[in-house]
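A short write-up of the structure that comes next.
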Protein chains: 2
Amino acid sequence: MNVQSETADKRKAILETTLELIRQYGLQGTPISLIAKNANVAAGTIYHYFQNKEAIITELHNVIREEMLAEMFTEKNEGKDFRSQFFSGWTNLCRYFIANPGSLIFIQQYNSAPHFKGIKKKNNKIPVDKFSEFFQSGMDNGYLKKMEYNLVASVVFGAIMATAKYHITGRFDYTDQDLCKIATIIWDGIKLQ
Amino acid sequence: MNVQSETADKRKAILETTLELIRQYGLQGTPISLIAKNANVAAGTIYHYFQNKEAIITELHNVIREEMLAEMFTEKNEGKDFRSQFFSGWTNLCRYFIANPGSLIFIQQYNSAPHFKGIKKKNNKIPVDKFSEFFQSGMDNGYLKKMEYNLVASVVFGAIMATAKYHITGRFDYTDQDLCKIATIIWDGIKLQ
DNA sequence: TGTTTCCGATTGAACGTTCATTCGGGGCGC
DNA sequence: GCGCCCCGAATGAACGTTCAATCGGAAACA
């Protein structure tokens, strides 16, 4: 353990601990003191690595966004046909949330309380481009019904969040096969009949 | 204004004010002091009508659940065919959330932070019966694909929440016609092809 | 009718706790 | 000895809740 890796570890530990605590106690329910305790770090140390609590939240949000994008658009999808790309994109993101419940809880809470005290969201924009481009190409090439992108988005993303949420909270228990079935429902809904 | 109606009004004012504040500032972001101020009531008065903050939240949750059920299963749907029942049930609930953004924000936050400090959810069960019965009847009568209820639920409810959410946050702007289009996507996904 | 008694409704200051953040200092590598 | 990393007690604001004090109308009595 050299100094540099320890330093890097400390920052990382703070982020990971925060995400885990948010999963358990929610965005507002995780005080700095608890983060410090669980990350084996002093409260003051946190303020050495981050400007304030909001900065931790914002960084987590950015990290999770990147991970979500990476899950949906992996390189090995490039060659596949449109339908396969849709299926693997949908199930990958859903599996990501199931495997990383903290990310789902975080995203949901972050999006559902626009005006948390001390947490102001400046950039509320979604990288809509990649998704809308993808679906647009599906329509142009005759795979999908012609319709506005945002109508499709409601169904596709809504189902991902709900499915992962139900699974995580233990309401239902979805197998890999179940995820494919759900993706099939959606595909049947959006494909050109 | 006799005494009785004033008393009833005060209780109602507290509930309504709380819901509106939660819409703006989130579940954890609305202190009792602010509720008191906006409801034109002293802080102590709130504790005359409710045991504590949790009691307000719990009552709001029950009220909203009732309203949701009422929207989905209205009496004038009784005679209609299955497809029409699905359409009006889906769009009604979606329109309800769009017309009552506070209810959507509340439900989302209530469900997404299971362990809010001071807010313990004892009864996490959904009145699944009515919904599952409805979809089961659709399968038995040959309107829907044969599949487990919970797979359908993910898509149907996920889309409702996401659609209303996108509309409320102003990300997209859904017309009544758009809601029907989205319902059509889902219907095409779950119907027996 | 006028007066007194009573009691629930209402108030807002006060309390104890918890929170995010600050600060002064200690230790270690260069 | 200078600069960076780290500590944890200290700070003050904000929170949910309590409580002694007040209000005002209804009932009881004269």
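Note that these values count all heavy atoms, side chains included, but never hydrogens, waters or copies made by symmetry. Throughout, protein chains are lettered first and strands after them, A, B, ... in sequence-line order, and every chain is numbered starting at 1.
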Answer yes or no: is there a donor N or O on one side and an acceptor on the other, between the side chain of [X] and the main chain of [Y], under 3.5 Å?
X	Y	answer
B:N141	B:Y143	no
A:W187	A:F87	no
B:K145	B:G189	yes

Just how far, in rounded Å, is [atom2] of [N] from [atom1] of [X]?
X	N	atom1	atom2	result
B:I46	D:dG16	CD1	P	9 Å
B:I14	C:dA9	CD1	P	12 Å
B:I32	C:dT17	CD1	C1'	16 Å
A:H48	D:dC4	NE2	C1'	7 Å
A:N40	D:dC6	CG	P	13 Å
B:K37	C:dA13	NZ	P	14 Å
A:I35	D:dG8	CD1	P	17 Å
B:Y47	C:dT11	OH	C1'	15 Å

Closest listed nucleotide, where the reference is the side chain of B:P31 and the choices are D:dC15, D:dT17, D:dC6: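 For B:P31, the side-chain atoms sit closest to D:dC15.
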For B:T45 and A:Q51, take the nucleotide of DNA chain C holding the closest heavy atom to each; which residue's nucleotide lies nearer the 5' end?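 That would be B:T45.
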Would you say C:dT10 has OP1 or OP2 under 4.0 Å from some side-chain N or O of B:Y49?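 Yes, because at least one side-chain N or O of B:Y49 sits under 4.0 Å from OP1 or OP2 of C:dT10.
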Verify the contact: side-chain N or O of A:K10 to OP1 or OP2 of D:dC6, cut-off strictly under 4.0 Å; return yes or no.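 Yes, A:K10 has a side-chain N/O under 4.0 Å of OP1/OP2 on D:dC6.
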May I ask you to check whether A:Y166 and B:F157 place their ring centres under 6.0 Å from each other?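 Not under 6.0 Å, so no.
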